[in-house]
Amino acid sequence: MSVLITSVGELVTNQPEGAVGGGPGEFATLADAALVIDEGRVAWTGPASRAPAADRMVDADGRAVLPGFVDSHAHLVFAGERGAEFAARMAGQPYRAGGIRSTVAATRNAGDGLLQANLRRLAAEMLAQGTTTFECKSGYGLTVRDEERSVALAAEVTPEVTYLGAHVVPPEFERDPGGYVDLVCGAMLAACAPHARWVDVFCERGAFGRDEAQTVLVAGMAAGLEARVHANQLGPGPGVQLAVQIGAASADHCTYLDGADVDALVGSGTVATLLPGVEFSTRQPYPDARRLLDAGATVALATDCNPGSCFTSSMPFCIALAVREMHLTTQEAVWAATAGGARALRRADVGHLGAGARADLIMLDAPSHAYLAYRPGVPLVAAVWQGGERVAGSSA
Ligand SMILES: [Zn+2]
């Protein structure tokens, strides 16, 4: 059954009008527009006055329609929570990578049903806020069994599953980090690779150094996974350059970059994924997004939703932060949260609304994309379609 969404005040397409096939292009909009969904895909976009007939019609009444958000970085398989740690941090204690270990202990002790329920609750929370594609990492199990069940559970809710056995060295390997890297590249990888598309590593002081990170990524790629890297979050480091050299889809965080890091990202196939919710929640300085954008790097925005350093699942909140705190324009921020995320996941079918794209789209209770930053904290996502199916929202 085809659906015509008409009287769209602003249709954000990220694609030139009439383009068919190919991935997301530059930020682009149509005013007084319409869109036709058929067979789960975008079949047509253009002026409302020229819209073809369809089986059903939805009147947007001047509201904005955007591609669904693509959240390319999230850690949703875990048990427990760290509200007290957050409160202590807000009272002046610094964030350290070792905090991950408390979630590891809770996750290992949790049954599959609890992990699954927690994951599904967060996935539903994301969808209701307009996220129609999300990546989900393992990394709170850190044993063969616990990492395998983490990626298997994640694969139930998204095709974008990331094996992050190299999140932090678990306590039982504290005196033998090399032995842990061997496990991550050996039995753990063999158990997890069938459930995953991506391999990731936390390349950071207190986690994994450059050589260990490279070993993990090379092993994952040899097992058929594609690479992405947690890089340069807590201080300057080799992560970004490693990500570019190895051909990773994305270098995530990019909070501490030098000129060589920026130069490496520009013109590479590696997206700089910024996670401003982390800086907000840890009171760290924000990444220099303007420097990246002005140099020509491809920038994505993602939540990094996790129980420690940033427990938001809201892409609209991250867009508002990107505009207010990192000086992105509203257009740049929305592009980074849709098309940018799609590039960071190497997906051509999402992040835009060109003809042929997956019909993943959201309607705002607002006339333009700018309201996502103009009205921060307000739940503006009025309706969500995923694969052409209306999955959230009642007003239309
Ligand atoms: Zn992360």
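The figures here come from the full heavy-atom set of this structure, side chains too, leaving out hydrogens, waters and symmetry mates. Order of listing sets the numbers, starting from 1, for every ligand and every atom in it.
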### Task
Could you grab the protein N, O or S atoms closer than 2.8 Å to the Zn ion (ligand 1) for me?
His73 NE2, His75 NE2, His230 NE2, Asp304 OD1
### Donor-acceptor under 3.5 Å (Arg41 side chain, Gly356 main chain)
yes
### Task
Using the ring-ring contact (aromatic ring centres under 6.0 Å, His included) rule, collect all pairs that involve residues 281-309, keeping only residues at least two apart or in two chains.
none
### Query
Cut-off 3.5 Å, side chains only: do His230 and His73 have a donor facing an acceptor?
yes
### Message
Consider side chain to side chain donor-acceptor pair (under 3.5 Å). Of Gln284, Gln233, Glu279, which one does Thr255 pass it with?
### Response
Glu279
### side chain to side chain donor-acceptor pair (under 3.5 Å) involving Ser314 - partner list, sequence neighbours excluded
Gln129
### Query
Considering residues at least two apart in sequence or located in another chain, which fulfil the side chain to side chain donor-acceptor pair (under 3.5 Å) criterion with Arg121?
Asn118
